[in-house]
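Notes for the one structure printed next.
Below, chain A is the first sequence line, B the second, and so on; all start at residue 1.
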Amino acid sequence: MRFATWNVNSVKARLPRLLDWLEHTAPDVVCLQETKVAEDGFPADEVAELGYATAAYGQGRWNGVALLSRAGLDDVRRGFPGEPGYPGPEARAISAVCDGIRFMSVYVPNGRTPDDPHYLYKLQWLRVLRDVLAADLAAGPLVVAGDFNVAPTDADVWDPAVFAGSTHVTPPERDAIAALRELGLTDVPARAMKGDHPFTYWDYRAGMFHQNKGMRIDHVYASADLAATVTDAVVDREARKGKGPSDHAPVVVDLKR
DNA sequence: ATGTCCGCTTTCAGCGGA
């Protein structure tokens, strides 16, 4: 089985590239983030032509998550119990069972700056997510993948000095991610296609991608039984190249299954 | 590092968000 996660930064703007990438990568399940489209506007017909069923959760202008699967798509859950809002509900999590594995696509709040209310929202959202995942883990094999907006270590940003005082690297954010690992979710480390750092995000501005000044903020966490069957995991930086890319690259994972 | 992109509205220009 092959699955992937990708923050596409608008599924409408990215549709030609998404379809091309699906054809060439041929994942069985895809977790998408920042689709920026309501459920009824998702290009489900277009991905269906490639054999994928869609479960989408969106609100229009911001956020939005989805699952694509050609391995079954059952028991879809949009959001999660007790999920904090800002102030109302936001489309940041969707999960479903594909071939016996529950996949959850998450788009963790950005946090903006450590003194912004959005930062506290981010931490609270991750706290509640942790409790939900504890229950999901008890129910069976689990993959949680998406844009966590957290760089777990200093090695996960291109220059730690630049990020001093910024979100994505603060101890409370890192602790919130560590709490997911402590549940028994295993970080599936993706290798870099090129260079030493498996960054998954590069700002559009200032030639950051070209200089490989990126961050590793898109992550895949798997229950231990699944993590033991991983045969490869890679950041597909080819998808960040060329005309009209997302600012994130997909992470592609292969399981012996 | 702050050199772009996206979706929306105030729609051929500016804004919030990332």
Comparing Val162(A) and Pro245(A) on DNA chain B - which has the more 5′ nearest nucleotide: Val162(A)
Taking the same atom, P, in dG16(B) and in dT10(B), what whole-Å distance lies between them? 14 Å
Over how many whole Å does the gap from Leu32(A) atom CG to dC6(B) atom P extend? 16 Å
Could you give the distance separating dT9(B) and dG3(B) at their P atoms, to the nearest angstrom? 27 Å
List for me each residue that meets side chain to side chain contact (heavy atoms under 4.5 Å, CB included) alongside Ala53(A), sequence neighbours excluded, and say none if there are none. Leu73(A)
Salt bridge (Lys or Arg N to Asp or Glu O under 4.0 Å) partners of Arg216(A), counting only residues at least two apart: Asp156(A), Asp187(A)
Could you list the residues that satisfy salt bridge (Lys or Arg N to Asp or Glu O under 4.0 Å) with Asp254(A), not counting sequence neighbours? Arg2(A)
DNA chain B contacts among residues 210-221 of chain A, heavy-atom distance under 4.0 Å: none
Quick one: salt bridge (Lys or Arg N to Asp or Glu O under 4.0 Å) pairs with a partner in residues 236-246 of chain A, sequence neighbours left out? Glu238(A)-Lys241(A)
Collect all protein-nucleotide pairs involving nucleotides 10-18 of chain B in which both atoms are nitrogen or oxygen and the distance is under 3.5 Å.
from, atom 1, to, atom 2, distance (Å)
dA18(B), OP2, Arg112(A), NE, 2.8

Figure out the NZ/P separation between Lys243(A) and dT4(B), and round it to whole Å. 14 Å
Compute the centroid of each ring, for Trp125(A) and then for Phe80(A), and state whether the two points are separated by less than 6.0 Å. yes
Distance check, P atoms only: dT2(B) and dG17(B), in whole angstrom units. 22 Å
Check whether the side chains of Lys36(A) and Asn9(A) place a donor and an acceptor atom closer than 3.5 Å, and report yes or no. yes
Restricting to salt bridge (Lys or Arg N to Asp or Glu O under 4.0 Å), what partner residues turn up for Lys12(A), sequence neighbours left out? none
Taking transitive links into account, so neighbours of neighbours count too, which hydrophobic residues share a cluster with Trp62(A) at under 4.5 Å side-chain distance? none
Euclidean distance for C1', dC12(B) against dA18(B) (whole angstrom): 25 Å
Residue set satisfying side chain to side chain contact (heavy atoms under 4.5 Å, CB included) with Glu90(A), at least two apart, ordered chain then number -> Gln59(A), Asn63(A), Tyr86(A), Arg92(A), Tyr121(A)
Using OP1 and OP2 only, check whether a side-chain N or O of Arg14(A) sits under 4.0 Å from dC5(B). no
